[in-house]
Amino acid sequence: MNEIKDDSAALKNEFTNLDLETPEKPYLDSNELIINMGPQHPATHGVLRVILKLDGEKVLGTECVIGYLHRGVEKIAENRTYTMFNPYVDRMDYVAAVSNGLGYCLAIEKLLNVEAPARANYIRVILTELNRIASHQLWLGTHALDIGAMTPLFYTFRDREEILKIFEKYCGARLTTHAFRIGGCQYETYAGFEKEVKNFVQFVRPKIDEYEELLTTNRIWLERTKNVGVISGADAIALGVTGPVLRASGVKWDLRKAQPYSRYQNFEFEIPTGENGDTYDRYLVRMAEMRQSLRIIEQAVNAIPEGPIMAKVPKVIKPAVGEIYQSIEAPKGELGYFVVSDGSTQPYRVRVRPPSFVNLQALDVMVRGMLVADVVAVIGTLDIVLGEVDR
Amino acid sequence: MLNSLMSYLGSNVTPGEANNQLWALIYVLIIFAGVSVAVIAMNWLERKALAHFQVRLGPMRVGPHGLLQPIADAVKLLLKEDIIPSESDKFVFWIAPLIGLLAAFTVYTVVPFGPSQAVSDMNIGILFMLGVSSLAVLGIVMAGWASNSHYPLIGALRSSAQMVSYEVAMGMAVVSAILMTSLHGAGIYGASNLSDGTGTLSMIGIVQAQQEQQVWFLFKFFPLGLVAFVIFAIAMVAETNRAPFDLPEAESELTAGFHTEYSGLRWSLFMLAEYAAMIAVSSIAVTLWLGGWMRPFPHWLSGSAWDFIFSLFPGLTFLGLGAIAVRGTLRMPKHEYFRVQTIGLGAFALVLAGIGLLLLAIAIGAHSSGREAIARAADAMNNIYWFVTKIAVFMYLFIWYRATWPRYRFDQLMKVGWKVMLPISLGVLILTAIVGVIA
Amino acid sequence: MAEISTLHYLVVAAALFVLGVIGVLTRRNVVIVLMSIELILNAVNLNLVAFSRMWGGLHGQIFSIFIVVDAAAEAAVGLGILIAFFRNKETINVDEIDLLKW
Amino acid sequence: MNPAMTPVATPFFFYFLSGLAILGGLLVITRRNAVHSALALIVTLLAVAGLYLMLYAPFVAGVQIIVYAGGIMVLFLFVIMLVNLERTIKERQFNRIWPVGLAAGCALLALFLAVYAKGKSLFPEQARGLAEGNNTQQIGEMLYGNYMFAFEIASLLLLVAILGAVIMAKKRI
């Protein structure tokens with residue numbers, strides 16, 4: 001009468017990930033449980049649904065159900081001109097909209113075989129790196145909140161606000177910025193842009209130390225993150241994982257160094273890597289990345305050249321028939337655009353390689369044998385944005 | 001009836017001991033009201049303090065500086081639709097919050113706010129407190145089970161395992177404090193020349209033992225008392241399911257744990273029980289290790305002059321709070337929209353200052369006039385003031401923990417409980433016994 | 001109402017004892033059978049404490065404490081067996097526990 | 001509570017608590033749902049603890065609350081939740097020989113009452129005074145004095161019970 005309605009049977013049908021070890025003698029286990037985590041769950045960063053197969057609190061396997069935020073972005077591209085589609089990409093990874101826009105613009109520029117002028121590239125680098133810091137700050141706040149530390153969230157949001165203010169002053173939007181255009185930037189920097197960015201760099205440096213002070217040597221934080229969600233470098237490569245998650249596993253791979261775009265070769269910076277590939281290393285890598293981003297911003301803003309900000313691009317963009325793939329190092333990993341042109345004003349096909357989506361594949365490998373609480377930590381450390389996973 | 005009311009006033013014992021049911025009832029009502037008000041105040045303070053930890057303002061809209069926010073919250077919760085899930089076990093669902101609340105409030109019958117300011121002084125006082133507060137887990141388990149849903153059930157299972165585990169370490173720490181009531185120590189720890197007497201489990205007796213031995217048990221057999229206290233201070237956070245041990249209601253994992261399905265009044269009962277339990281365990285810690293109602297340095301700074309100076313503290317505290325409120329009033333925006341709020345805050349400041357002056361008057365009156373009734377009132381005031389102040393420190397610690405620390409994972413929590421806290425508390429217990437007898 | 005003598009307590013204890021016995025003999029659910037055993041132990045405890053009061057000694061109370069210890073041990077082991085059994089046969093009915101070896 | 005003073009309204013509290021205890025006991029053996037049974041058992045245990053207090057055995061009452069209500073019953077509830085079975089609630093609750101069991105129980109009760117009725121004269125009129133004030137201390141002295149050996153055996157029993165429970169309940173050791 002008041003037993004918990006056991007929806008395990010119903011869920012089992014959805015649970016296709018059944019390469020789980022089954023004991024030779026199947027015994028009835030009162031602890032074995034299949035439960036739904038999400039889509040309405042505070043720790044799934046939006047509408048991710050994870051079906052967990054549990055033994056008590058131990059995770060035997062997971063299955064991600066995605067698509068709750070699917071808006072058909074790739075399909076929309078086929079019915080829009082190249083210019084019209086530009087704002088749509090901002091809605092994928094909405095916490096790193098500038099990076100998305102940069103990737104798209106670079107892809108179409110490659111298709112058109114034009115290159116943005118130097119000043120435009122510097123502006124792009126500054127804004128993209130600012131956006132990387134904002135994205136990492138949002139990740140840090142929510143990740144810490146998932147693990148139970150509520151205070152870092154407010155600190156990071158306080159500081160992220162300064163970045164959003166710069167965005168707002170530059171292009172009028174805070175989140176989905178649509179900052180860049182195909183061929184360069186539409187807007188010249190506003191008066192005092194350089195000074196504000198420099199001030200921001202000075203302002204945020206001690207703040208990053210402040211975040212670290214709260215977490216890096218915190219005993220509970222160490223216990224919650226060390227040796228949790230470990231993934232080896234080889235596994236990470238095999239699963240196509242990119243970005244900080246890959247680098248934390250010890251693979252030194254950063255597209256800004258490997259295939260420089262937007263004149264990243266002009267800047268000096270390091271690729272922080274981890275050793276163990278656990279949640280703590282990913283945390284350290286991202287914290288180090290924020291500092292490296294500040295370095296890049298400083299160099300860029302000091303060396304920003306004068307000149308035009310828009311290359312010569314035809315009013316109606318009609319690339320020649322062909323296909324290209326252009327990828328950039330977004331805050332979450334490799335963000336790639338595969339664009340096929342049939343010679344018309346609209347792309348024949350746009351395929352996005354979203355880093356969150358690919359990284360999410362590693363979830364199952366990372367949480368097997370861990371506890372439910374670790375699933376939360378690992379989802380947080382993967383830094384997924386469901387808008388990008390589902391598109 | 002009036003006679004029995006008046007006759008008690010002259011006595012020096014608790015109403016329970018004097019066998020005066022009327023006064024016991026009055027005490028119960030006062031404590032119930034006091035604890036409820038404290039919970040409401042704590043609610044506001046937690047939100048405010050937490051907000052300031054986190055660079056935000058907290059409630060600001062309802063009343064000046066959000067002072068009326070708890071009332072607004074309470075009204076909202078009372079008027080909210082009371083949802084009982086259709087598949088739940090109605091009776092158990094209904095009774096679970098009441099059990100938690102009952103357990104949290106029953107404990108207060110033996111909390112000694114002063115030598116005679118307690119409902120009753122049981123000779124198994126501390127045993128009673130531990131026992132009744134351990135009943136709170138039943139409310140949580142039932143709530144989780146009756147909700148008939150996965151997350152509450154897991155929350156309830158976690159909670160019961162956690163509370164039962166930490167009770168062990170807590171009990172050991174408490175026993176080492178109880179041992180200290182009978183062991184006066186010798187050798188390097190021979191602070192007093194009293195011979196070993198009989199111990200006591202009575203809450204009032206424990207404080208009186210500290211008074212006699214002229215030392216808070218926190219500092220007795222240094223560092224043994226301190227270690228036992230720290231063990232208790234950690235275990236009590238786990239007992240009340242507060243951060244960083246708030247796994248039963250870990251929102252990022254179990255949405256809200258055992259009270260996921262609760263809403264409105266029933267949910268607020270859980271909150272009430274949680275905060276009441278926090279105050280209750282803090283009062284155990286204060287009684288056992290921090291000298292209960294005693295003011296600081298009662299022996300080192302003894303004499304009527306020092307007594308008088310310390311008896312000014314309650315009044316000065318309220319005057320200080322009043323001064324803060326006055327400062328807030330003066331800093332209110334001078335806009336017409338804020339007129340009502342400014343007046344309200346000013347009135348609040350006046351009330352605080354009035355209480356402060358009244359308490360000061362009692363203290364000064366007791367010092368100068370020497371009338372017995374006033375002296376008695378001053379005594380009661382001092383005892384309650386110091387007891388409540390010590391509890392307030394713990395309450396602040398609870399908020400501080402919550403703002404600072406991430407949450408433990410369940411296996412780590414268990415590991416800490418069984419592999420760290422229990423051996424240490426056992427060791428402390430054994431060492432206390434050895435030191436008390438031999439050293 | 002008359003004054004309460006030892007006999008009153010003994011009657012209450014007897015009633016609890018009999019309730020426990022009936023529970024053990026008639027119920028199928030093992031958990032409830034175990035709870036009935038707790039009832040029986042409680043009745044015994046009540047007897048012991050009542051006698052301890054009657055004779056003015058503390059031996060009865062000491063024994064009741066030992067019985068509480070025993071009850072704790074019994075509950076732990078009993079419930080352990082119950083879980084092991086449930087895992088094997090997915091039933092907690094006593095009358096289905098009729099195999100010597102599983 | 002001063003031992004010299006008689007507690008107020010003793011008969012009322014006695015009948016109230018014993019009524020509660022017996023009602024709880026009845027519910028324990030009649031409820032369909034094991035959780036309801038456990039709840040009823042908790043009521044019984046608390047009522048019995050109250051009776052202990054009336055018998056001037058405060059320490060036993062405290063132990064009863066801590067160990068029984070706070071420990072053993074939590075264990076029971078824990079296990080009931082682990083073996084949450086819808087089936088057992090819908091099934092027959094009493095076994096086939098329940099009339100025999102009931103009759104045996106009633107016979108036992110009759111026997112008890114008969115013995116009490118017959119031996120009533122053996123009980124002293126007035127219960128002897130029992131100092132409540134240092135009850136805990138006296139119990140402690142006896143436990144660590146006369147009953148030292150039994151106490152150690154009890155601790156051994158608990159150890160064995162812990163091991164047994166762990167071995168029994170654990171899947172793989």
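Within every chain, numbering begins at 1; the chains are lettered A, B, ... in the order of the sequence lines, protein sequences first and strands thereafter.
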Is any side-chain heavy atom of [X] closer than 4.5 Å to a side-chain heavy atom of [Y]?
| X | Y | result |
| --- | --- | --- |
| His36(D) | Asp89(B) | yes |
| Leu46(D) | Leu135(B) | yes |
| Ile99(B) | Leu39(D) | yes |

In terms of heavy-atom proximity below 4.5 Å to chain D, should [X] be classed as side chain, backbone, both, or neither?
| X | answer |
| --- | --- |
| Leu157(B) | both |
| Val141(B) | both |
| Ala161(B) | both |
| Leu127(B) | both |

Considering all heavy atoms, the nearest Gly70(D)-Ser134(B) contact: CA-OG, 3.7 Å

Which heavy atom in Gly131(B) sits nearest to a heavy atom in Ile66(D), and how many Å separate them? CA-CG1, 3.3 Å

Turns out that what part of Leu75(D) lies under 4.5 Å from chain B's heavy atoms comes down to neither

Hey, which of Ala103(B), Ser160(B), Ala156(B) has the most heavy atom pairs under 4.5 Å with chain D? Ser160(B)

Spatial distance of atom CG (Leu130(B)) from atom CD1 (Ile65(D)) [nearest 0.5 Å]: 11.0 Å

Straight-line distance of Leu138(B) CG to Ile42(D) CD1, nearest 0.5 Å: 4.5 Å

